[in-house]
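See structure below.
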Amino acid sequence: MRRRSLIVANWKMHGTVASVQSYLETMVARAMPTGPEVVICPPFTLLPAAVLIATGSEVVIGAQNCHWEDKGAFTGEVAPTMLVDLGVRWVIVGHSERRQYFGESDQTAAARSQAAQRAGLDVIFCLGETLEQRETGETMTVLERQSAVLAGLDPARLAVAYEPVWAIGTGRTATTVQAQEAHAALRRRLAGLLGTEAAAALRILYGGSVKPDNAAALLAQPDVDGALVGGASLDVEGFCAIIHAAPGGGRGAGE
Ligand code: PEP
């Protein structure tokens with residue numbers, strides 16, 4: 001099954017009002033309805049400006065996190081309903097930096113994802129093993145544990161991002177063989193959790209030091225349906241080059 005490529009920019013804690021404007025104006029001018037689906041996830045402060053510029057275009061705006069309640073005494077938090085109110089369509093949940101630095105657990109990631117979908121957001125659910133877990137042969141056990149929570153989610157509003165922790169922001173990318181192996185195993189796992197048809201339609205993104213020069217090979221793998229791009233998404237030309245490297249993007253494999 002051919003799934004439309006999904007290329008997501010995770011700006012992390014970067015960007016200014018001026019930079020979001022010029023970046024998004026470039027993206028809006030270049031994104032094509034027939035090309036890969038493009039989602040830009042700036043920090044919360046830049047979401048209003050991003051939504052304003054992207055509205056009516058092929059570029060979609062996502063957030064990097066959301067809370068699991070719709071309102072309440074949660075100082076500093078942002079509810080999924082607030083994101084929907086703003087015009088945001090996607091949210092990243094369970095990113096390894098949230099798991100590593102902010103106490104995100106499988107349970108809180110599950111609660112955030114369920115709340116996000118209830119509010120009407122599509123979820124990019126991140127999972128992946130650490131270097132130590134890979135080296136001790138625990139990769140699949142970790143992915144099975146982290147993916148168990150997906151059983152409670154609507155697959156039509158879901159993408160899964162396989163992000164080996166050892167490849168995030170390190171410049172060290174999974175090989176195409178490692179990426180395809182993990183994605184294929186995840187798809188088999190998702191078939192058990194969500195049903196064969198849903199798993200076949202669901203997009204599994206690769207994340208971890210994706211750059212313009214390694215994107216085409218990774219995105220050509222049969223079970224790699226897109227990319228979650230951190231550092232390399234901050235440069236609009238580099239990010240556009242990654243989009244072009246995806247199948248359907250103009251110069252991906254077989255085009
Ligand atoms: C990420 O933030 O999800 C990510 C994959 O970062 P980087 O591309 O910088 O490794």
Side-chain angles (χ1 to χ4, degrees), residues 5-15 19-20 23 27 36-47 50 60-66 88 90-102 104 109 112-113 116 121-131 133-134 139 142-143 146-147 158-176 178-180 182-183 186 203-219 221 223-246 249:
S5 301
L6 173 61
I7 311 291
V8 182
N10 174 17
W11 282 18
K12 311 193 189 204
M13 200 171 69
H14 294 283
S19 70
V20 81
Y23 186 109
M27 292 303 311
E37 192 173 349
V38 176
V39 179
I40 312 291
C41 302
F44 286 130
T45 53
L46 301 179
L47 287 172
V60 172
I61 304 302
Q64 298 174 19
N65 190 27
C66 68
V88 169
W90 285 83
V91 63
I92 298 170
V93 174
H95 191 279
S96 67
E97 287 155 12
R98 305 269 351 147
R99 293 179 191 261
Q100 191 177 350
Y101 304 125
F102 302 102
E104 184 84 285
R112 288 184 212 282
S113 303
L121 292 168
D122 287 5
V123 170
I124 299 157
F125 188 90
C126 303
L127 38 71
E129 80 287 1
T130 62
L131 184 58
Q133 288 164 337
R134 175 161 282 268
T139 299
V142 172
L143 298 186
Q146 292 178 332
S147 61
L158 180 66
V160 173
Y162 169 61
E163 299 206 297
V165 179
W166 46 273
I168 297 179
T170 58
R172 190 176 161 184
T173 319
T175 64
T176 53
Q178 286 171 325
Q180 170 56 25
H183 282 229
L186 264 173
R203 289 172 296 184
I204 306 179
L205 318 183
Y206 170 78
S209 297
V210 174
K211 307 259 183 290
D213 61 358
N214 61 24
L218 287 160
L219 292 165
Q221 300 308 305
D223 285 292
V224 178
D225 309 311
L228 178 51
V229 187
S233 73
L234 295 174
D235 168 48
V236 72
E237 294 303 333
F239 188 59
C240 285
I242 292 170
I243 295 167
H244 290 313

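As a basis for the values below, the full set of heavy atoms in this structure was taken, side chains included, without hydrogen atoms, waters or symmetry mates. These numbers come from a predicted model, not from an experiment. Atoms within each ligand, like the ligands themselves, are counted from 1 in listed order.
Across Ala9 and Tyr23, no two heavy atoms sit closer than the pair CB-OH, 4.1 Å.
Judged purely by distance below 3.5 Å, without hydrogens or angles, the side chains of Glu129 and Tyr162 pair a donor atom with an acceptor atom. Side-chain polar atoms of Trp11 and Gln64 form no donor-acceptor pair below 3.5 angstrom.
Partners of Asp223 under the salt bridge (Lys or Arg N to Asp or Glu O under 4.0 Å) rule, at least two apart in sequence or in another chain, are Arg3, Arg187.
Every pair tested for salt bridge (Lys or Arg N to Asp or Glu O under 4.0 Å) that includes a residue from residues 161-170 fails, sequence neighbours excluded, so the list is empty. Every pair passing side-chain hydrogen bond (donor to acceptor under 3.5 Å, both in side chains) that includes a residue from residues 207-217 is listed here, sequence neighbours excluded: Thr173-Asn214.
Near ligand 1, heavy-atom contacts under 4.0 Å come from Asn10, Lys12, His95, Glu163, Ala167, Ile168, Gly169, Gly207, Gly208, Ser209, Leu228, Val229, Gly230, Gly231.
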